[in-house]
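Only this structure's heavy atoms are used, side chains among them; waters, hydrogens and symmetry mates stay out.
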Amino acid sequence: MARQTRLVLWTAALGIFLFILLRLFGQQPHQATLSSSLVFQNKEDVSSTDEKTQEIHIAAIVCGNRTTLGLTMMKSALIMCSDFIRFTLFVDNETSGVLNETIQLWPDNILKRMSLDMRPVSYPEDNTDEWNTLFKPCASVKLFLPSLLKEVDSVLYVDVDTVFLSPPLHIWQHLGKMNHTQLVALGPEMQDHTKGWYNKYASHPYYGKFAINSGVILMNLTKMRKFGWEKYVVRVNEQYKNRIVWRDQDIINIIFHFHPEKLYVYPCNYNYIPVHCSITSLCQEAEQQGIYILHGYYNAFINDHLPALKAIYTSMQQVPFLWR
């Protein structure tokens, strides 16, 4: 790993640690009220919520053994901002009870600026089993958010192995920067032709020179519905199913290969992934501005291949809610 990149990552880890210390000293623990209504409350029901704050809608999929990752992602979003956040989680039977029980233990002053809507994982009626096992269990749910969230205009989808290192509002504001044709905002997968997986191995079309990563997706669902997004998803899967490896991400890449005008690409520090720093530095924006969202795919938050990434995640996981 390049020296400059190591410095960026360890600085971020140290920053999280100091942030936690500053919050802990001089603050008394706040006892949470065990009321399910707090977990599922709406912003309109909270009279103490500042109506001037932004409202951000974050969606994620929490299946199998990924409950701790999901809780840490939510915690990081809440710690990093004071805006009201609506969380929509698509869950299976294994995770719903644990999520509900854990979140009810969070302090009242955290719960009053969030809402939680847990929905069962679902797919189109046709080929449900195929979609459920596409790449990883439940992963393809993200492809069907326009119909699963029919009442929602825009949403920020994040994989559960992400940690916010800046206010979610930073990425949410990119919705206003998208032009009238752009449906979705995504970050780059790789920016080096010698190390890129897609330019070396992909046997299907993909976006741009090095492809895009689908771990952090800013979606204008209204535009996606008008575009007929899900019809494209089904059609692409039928045509390329024997040639795609990363499945849901490959489908997204194929769509935007043929419709590049529909995609808004934000800088790599909004979806900072391990390949940006595993060998050398491949994200100049992170070096200049810092990492906004850290995406620890390939179990980077769990294994010891990139200790700085694991340290950041562990610090965020362990910090208690003792302030605000």
Side-chain angles (χ1 to χ4, degrees), residues 8 12 43 52-61 73-74 76-88 113-114 142-143 145-146 148-149 151-191 206-227 229 248-249 252-253 255-257 259-273 275-276 282-297:
V8 170
K43 183 180 179 183
K52 295 181 180 179
T53 61
Q54 292 274 346
E55 179 175 298
I56 298 165
H57 193 160
I58 296 176
I61 306 161
M73 177 277 292
M74 295 174 66
S76 70
L78 290 162
I79 285 175
M80 288 296 165
C81 77
S82 57
D83 301 298
F84 189 90
I85 302 178
R86 292 190 181 276
F87 291 101
T88 298
R113 55 187 183 84
M114 63 166 282
K142 71 177 75 168
L143 298 174
L145 292 183
L148 294 175
L149 299 175
E151 75 286 4
V152 177
D153 175 69
S154 299
V155 70
L156 172 60
Y157 166 84
V158 295
D159 285 351
V160 290
D161 52 356
T162 53
V163 171
F164 288 87
L165 301 183
S166 69
L169 184 61
H170 284 173
I171 189 168
W172 188 255
Q173 290 175 332
H174 282 271
L175 282 168
K177 299 178 182 179
M178 295 163 63
N179 65 34
H180 69 283
T181 65
Q182 293 167 333
L183 319 170
V184 167
L186 287 160
E189 166 72 10
M190 173 61 76
Q191 301 174 90
Y206 54 88
Y207 176 83
K209 293 182 178 180
F210 307 114
I212 45 179
N213 182 274
S214 63
V216 178
I217 316 175
L218 193 58
M219 300 178 171
N220 186 313
L221 299 176
T222 300
K223 290 182 181 179
M224 293 174 74
R225 286 187 283 265
K226 292 179 180 178
F227 174 66
W229 172 264
D248 53 295
Q249 179 167 292
I252 292 172
N253 266 280
I255 292 175
F256 288 120
H257 169 84
H259 297 278
E261 76 284 357
K262 303 294 184 182
L263 179 65
Y264 175 101
V265 181
Y266 43 66
C268 50
N269 56 339
Y270 285 91
N271 182 15
Y272 192 89
I273 54 181
V275 294
H276 288 155
L282 295 174
C283 182
Q284 293 183 0
E285 289 85 354
E287 296 177 5
Q288 297 167 358
Q289 305 166 13
I291 299 169
Y292 288 171
I293 301 178
L294 182 62
H295 181 192
Y297 71 4

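Separating the CE atom in M80 from the CD1 atom in I85 is a distance of 11.5 Å, to the nearest 0.5 Å. With rounding to the nearest 0.5 Å, the separation of CD1 in I273 from CG in D161 is 11.0 Å. Separating the CD atom in E55 from the CH2 atom in W172 is a distance of 8.5 Å, to the nearest 0.5 Å. Rounding to the nearest 0.5 Å places CD1 of I291 at 7.5 Å from SG of C283. Within the model, atoms CZ of F87 and CE of M74 stand 4.5 Å from one another, a figure rounded to the nearest 0.5 Å. Rounding to the nearest 0.5 Å places CG of L156 at 15.5 Å from CZ of R86.
A donor atom on one side chain and an acceptor atom on the other are not found under 3.5 Å apart for Y272 and H295. With no hydrogens or angles considered, no side-chain donor-acceptor pair links E285 and N269 at under 3.5 Å. With hydrogens and angles left out, the side-chain atoms of Y270 and H170 include no donor and acceptor closer than 3.5 Å. In this model, a donor atom of one side chain and an acceptor atom of the other lie less than 3.5 Å apart for T88 and H57.
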For this session: Could you walk me through whether Y297 and V275 pass the side chain to side chain contact (heavy atoms under 4.5 Å, CB included) test, one step at a time?
Result: CA-CA 10 Å; Y297 71 4; V275 294; 3.4 Å; yes
Problem set entry | Stepwise side chain to side chain contact (heavy atoms under 4.5 Å, CB included) check, L186 with N213 | CA-CA 7 Å; L186 287 160; N213 182 274; over 6 Å; no
Problem set entry | Test log, rule side chain to side chain contact (heavy atoms under 4.5 Å, CB included), inputs T162 and L294 | CA-CA 5 Å; T162 53; L294 182 62; over 6 Å; no
For this session: Check step by step if side chain to side chain contact (heavy atoms under 4.5 Å, CB included) holds for Y157 and L218.
Result: CA-CA 6 Å; Y157 166 84; L218 193 58; over 6 Å; no
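Put simply, the side chain of P168 reaches to within 4.5 Å of the side chain of I56, judged on heavy atoms. With a 4.5 Å cut-off on side-chain heavy atoms, E189 and F210 do not count as touching. Annotation: side chain of Y292 is not in contact with side chain of L165 (no heavy-atom distance under 4.5 Å).
In this structure a side-chain-to-backbone donor-acceptor pair under 3.5 Å is present from N253 to I212. Here the side chain of Q249 pairs a donor or acceptor atom with the backbone of S214 at under 3.5 angstrom. Formation of a donor-acceptor pair under 3.5 Å by the H257 side chain with backbone atoms of Y206 is found in this model. Of the possible donor and acceptor atoms, none in the side chain of S154 sits under 3.5 Å from a partner among the backbone N and O of N220. A donor-acceptor pair is defined here as one N or O able to donate and one able to accept, closer than 3.5 Å; no such pair exists between the side chain of K262 and the backbone of V184. Judged purely by atom type and a 3.5 angstrom limit, R225 has no side-chain atom pairing as donor or acceptor with the backbone of D153.
Of all heavy-atom pairs between C268 and H276, the closest is CB-CE1, 3.6 Å. Shortest non-hydrogen contact noted between P167 and C81 is CB-CB, 4.0 Å. Considering every non-hydrogen atom in both M73 and A60, the closest pair reads CE-CB, 3.7 Å.
Partners of K142 by salt bridge (Lys or Arg N to Asp or Glu O under 4.0 Å), not counting sequence neighbours, listed by chain and number: D159, D248. Shown here are the salt bridge (Lys or Arg N to Asp or Glu O under 4.0 Å) partners of E261, two or more places apart in sequence or in another chain: there are none.
Tested against I217, the residues L145, I252, V158, V155 include a single side chain to side chain contact (heavy atoms under 4.5 Å, CB included) partner, I252. Tested against I293, the residues N271, V163, V216 include a single side chain to side chain contact (heavy atoms under 4.5 Å, CB included) partner, V216.
Around atom CD of Q284, no more than 12 heavy atoms belonging to other residues, nucleotides or ligands sit under 6.0 Å away.
Within the 6.0 Å centre-distance limit, the rings of W229 and F256 are counted as a close aromatic pair.
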